[in-house]
> 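Below is one structure. I have some questions about it.
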Amino acid sequence: AILTSEEQEDFEAIRGHDITVKSYKVESRITSRFAHTTVRSSVVNSGSKAQSIGFNVQIPKRAFISNFTMNVNGITFVGSVKEKTVARNLYAQARARGKAAGIVRANSQDMETFKTEVHVPPGSNIEFELHYQEMMHRKLGFYEHSLYLQPGRLVPQFQVDVYIFEPKGISMVQTPNTLGEQFTELIQVTSSNGKAHIVFKPNIQQQRKCDTCTDSAIDGVLTVKYDVNRDSNAGELQVSDGHFVHFFAPSELSPLPKNIVFVIDVSGSMWGVKMKQTVEAMQAILDDLTVDDQFSIIDFNHNVRCWSEELVPGSTIQIADAKKYIENIKPSGGTNINEALMRAVQMLVKASNQNQIDPRSVSMIILVSDGDPTVGEIKLSTIQKNVKRVMREEFSLFSVGIGFDVDYDFLERIAMDNRGTAQRIYANHDAAEQLRSFYSQVSAPLLRRIQVQFPENSVSDVTQNVFDKYFRGSELVVAGKVLPSDSDTLTSFTTASAASLDVTVETETDTTELDTELAKQQHSFNGFARQMWAYITIKQLISDRSLASTAAKKRRITQRIMALAVEHQFVTPLTALLVESDDAKERLLADSPKDSKQGCCSGPPPMAPVNVVYQHPPWVQITTPPPSEVEKGGEEWLLPRKITLVDND
Amino acid sequence: PHFIIHLPRSDMDVCFNIDSKPGHILNLVSDSGAGVVVNGQLISSKVSTKKLNTYFGTISIYYQPDGVSVTVSTSSIALSDGRSNHSFTWGATAEITQNGLRVSIVKNSHVKITINNNIQVMVLLHRVWKKHPVNVDFLGIYIPNDNQYSPLVHGLIGQFSTEPEVSVYDVHEGLDPLKKEATMEVKGNKLLVTRGWQKDYRHDKKRGSNIYCWFIHNSGKGFIDGHYTDYIVPDLNSFLQTP
């Protein structure tokens, strides 16, 4: 990269260090909620001796890495995604040694870190380039794109660009100052019609922690929030590159009445911050209930107690009484999750049998827990079966896992198994806010039994198109392939039940228009529809796989995931990125692990942590990053430790 | 707004205008027997030229037994049942059913409201060019003659569900050579009527198709029961107060 004279000065100014990051550039292209992000960095070993040069990028857990390339002193390494076993064999043939790059799950809320490190002689030039793709999920009425920026030092050419293109137009775009006060003014937003451009380009001086400091203050998240124009309750159908994506996010509907049983873990481990934050959140959550809603509270440790044996209307008197009850809870004792959930389901069943439940209402259980069961049934797979057996089709279960010890896999599995979702929150200062935010996402169900259909023989390979509920502020997305047709119009029919009415909404679109529009766009991601379809399909297959009841089923799903991930070049738990030099002599392997916490039941055992090695040119010595916790376990960690093993687990 | 009343037995169309004020709510159908009321609220064109033109800006259909009302405006179609409110735009074709009520929206064109499969109202959307100096978006309403009301039905349009005896005679040249005049006998009144035409926009929203009719002057006086001001009601869901 050619430095301008000013940058040259900056460059000289910071050249004192032995490693110089010449440029650090991040570019996100978001088209119709699908983001392709590229992180590029060029580094010089400006020291007098060989040394290790690292390139760490934090990416959202929900993203798929789609490529990583490296250029070390003119030798280019190009990545390609392959089946894990294939990639490993190719690597093994190269008989490479050591570890150089990998994706190590950083134990943080929802991201992982891509780490790579090369050891190069003095004067070496290295250029790293990482690509990853992800879908923006609409939560609480907006999409949020987070870029984790951590250049680690002052950079003469530091720049972040986020380009958003939304065919229906952007209704709002914001950049909350999550990166720190000193940068708020430096983030520029320009937006018109369907496009927005956010740029952050601080000079060296603006990057400093203080006027005379030499280290960078840039270490955090640049956040972009936006929403799109939408026609109240109509759907939005987009066709591009032979694929369609259907977005549905109605807003002008009255919420359905709710029947909620809050199941709160009050075992000894909840003592302190966790309980305090839970009580605080519950106060706000209870205030949100209306007289159209019905609710009760079950608090459990080794015993199971009910605030009210039956569901009661959300009147002010009942809510006040419930708040007082919650405030007086003293956590202690063991954890009997099974009994508590059985009790909650019984309460809903009883209310339903006594016709106390409005047929158009929504019945849900919200479980808040911080740990594993220690009393009563403690086998997680048995609890999962018990809950599944007693839960009725019209009930759903939402789980919130508080803290680090919780077996989040288990909570997620029982939620997904019962038409709900799970969320992990950490018992820190804003756990109450996280709990409230989670509840806000499920507190306004607007529709039940949503189905998105298409005329016969017009589409194929459709992702999930039947949804149990739609909550205000979220968005239901269906994707698929468009079959060849004489007509230039694709039509969808969305049926659903709202409070007091049933609705069918017809949405149609021209199948050629968007590609014409995208061809004019300079910064759109033209392959968005194809990649978004694959992304959604793979995500759904991965969750189907974790719920698959037999090894044969799991094997079939595994094959499908691998085929898709290789075709669309996604690094998933079942594929790996093989990065090879031009002459294919040098190889680097990167794959992505699963969560480190032991999974509960039939499902893929924890993926071996990073096993990333690469063949190195003679002049490159490999250094291994300091062993992390996980790696201390040595070889045995490489072997899966659990049941229903299928190839490629 | 213009009114065209089709009289199948006489095989005749009769027209009249109601020149009322913006904001006024005119009762079009009031059937306390079936529990159905249809009202229309007036809006005016942008610039108050010397002659004030008023149009229907909002049409409301209220079905009392279910407590459900459908309020159609030039920007949205809203359903309300006292507890829940749902609003749809003209931007999407949609079919909505709520108990005995069915609402069929055709994107940016019209909406049909059907009550218990025996009373139907169709509202047509007229979208004008946003920057037009005078015209504004407005609505048309079309009510079939075979709606099954109760005998108590009334209103500016509802009163004609029982077709009155009409005879027209002494047709002669009028002041305007294109518009003949004649004498109409109806409801015991003798009226001077003029041959004219008005537009039915159901088949061609832009130009409309001409409906030739006998035009009643003075806001339909003598053809409608009482005076048109008798049909101004306080709310969109108000029934007509029976005299």
Side-chain angles (χ1 to χ4, degrees), chain A residues 168-169 228-237 246-258 290-293 313 358-362 444-453 455 470 472 489-510, chain B residues 35 58 60-117 119-123 125 127 130 137 237:
Chain A
K168 282 277 190 188
V228 302
N229 294 328
R230 57 184 89 249
D231 226 341
S232 104
N233 302 330
E236 183 182 344
L237 189 52
H246 182 279
F247 301 102
F248 186 56
S251 52
E252 305 296 316
L253 299 168
S254 282
L256 296 160
K258 301 184 288 286
T290 72
V291 72
D292 287 336
D293 299 323
D358 172 343
R360 284 188 176 271
S361 64
V362 165
L446 300 185
L447 294 170
R448 291 175 312 127
R449 300 200 305 255
I450 304 99
Q451 188 156 4
V452 181
Q453 293 170 298
Y470 164 73
R472 175 179 283 135
T489 302
L490 180 64
T491 305
S492 70
F493 301 92
T494 307
T495 57
S497 294
S500 73
L501 57 79
D502 295 325
V503 58
T504 300
V505 180
E506 190 179 313
T507 308
E508 62 183 29
T509 187
D510 178 289
Chain B
T58 302
S60 170
I61 296 93
Y62 176 54
Y63 182 51
Q64 191 174 45
D66 287 352
V68 181
S69 70
V70 181
T71 306
V72 183
S73 74
T74 54
S75 57
S76 68
I77 297 102
L79 283 87
S80 169
D81 63 6
R83 248 179 61 173
S84 47
N85 301 291
H86 306 291
S87 169
F88 297 83
T89 66
W90 287 98
T93 294
E95 186 87 12
I96 302 133
T97 52
Q98 177 159 356
N99 305 334
L101 188 82
R102 192 171 66 249
V103 178
S104 307
I105 304 169
V106 175
K107 179 176 180 177
N108 295 328
S109 170
H110 63 276
V111 56
K112 265 189 198 137
I113 295 98
T114 308
I115 298 170
N116 293 334
N117 282 322
I119 291 180
Q120 189 179 81
V121 174
M122 195 267 265
V123 178
L125 171 65
R127 273 261 155 85
K130 285 277 167 287
D137 291 350
N237 289 350

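Protein chains get the first letters and strands the later ones, always in sequence-line order, with residue 1 at the start of each.
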> Heavy-atom distance under 4.5 Å to chain B: side chain of A:Pro250, backbone, both or neither?
neither
> Please check if the side chain of A:Asn233 supplies one atom and the backbone of B:Thr89 the other of a donor-acceptor pair under 3.5 Å.
no
> When A:Glu506 is tested against each of B:Val106, B:Thr93, B:Ile105 for side chain to side chain contact (heavy atoms under 4.5 Å, CB included), which residue passes?
B:Thr93
> Once rounded to the nearest 0.5 Å, what's the spacing between atom NE2 of B:His86 and atom CG of A:Leu446?
9.0 Å
> Starting at CG of A:Leu501, measure out to OG1 of B:Thr97 and round the result to the nearest 0.5 Å.
7.0 Å
> So if I take each residue of residues 61-83 of chain B and look for any heavy atom under 4.5 Å from a heavy atom in chain A, which residues do I end up with?
B:Leu79, B:Asp81, B:Arg83
> If you count heavy-atom pairs within less than 4.5 Å of chain B, which of A:Thr507, A:Asp502, A:Val503 leads?
A:Asp502
> Under 4.5 Å heavy-atom distance to chain B, tell me which part of A:Ser500 shows up: side chain, backbone, both or neither.
both
> Quick check on the interface: out of A:Gly235, A:Ser254, A:Ala498, A:Ala499, who has the most heavy-atom pairs with chain B under 4.5 Å?
A:Ser254
> Taking all atoms of both residues into account, what is the closest heavy-atom pair of B:Ala92 and A:Ala234, and its distance?
CB-CB, 3.2 Å
> Mind checking what makes salt bridge (charged side-chain N to carboxylate O under 4.0 Å, His left out) contact with B:Lys107, not counting sequence neighbours?
none
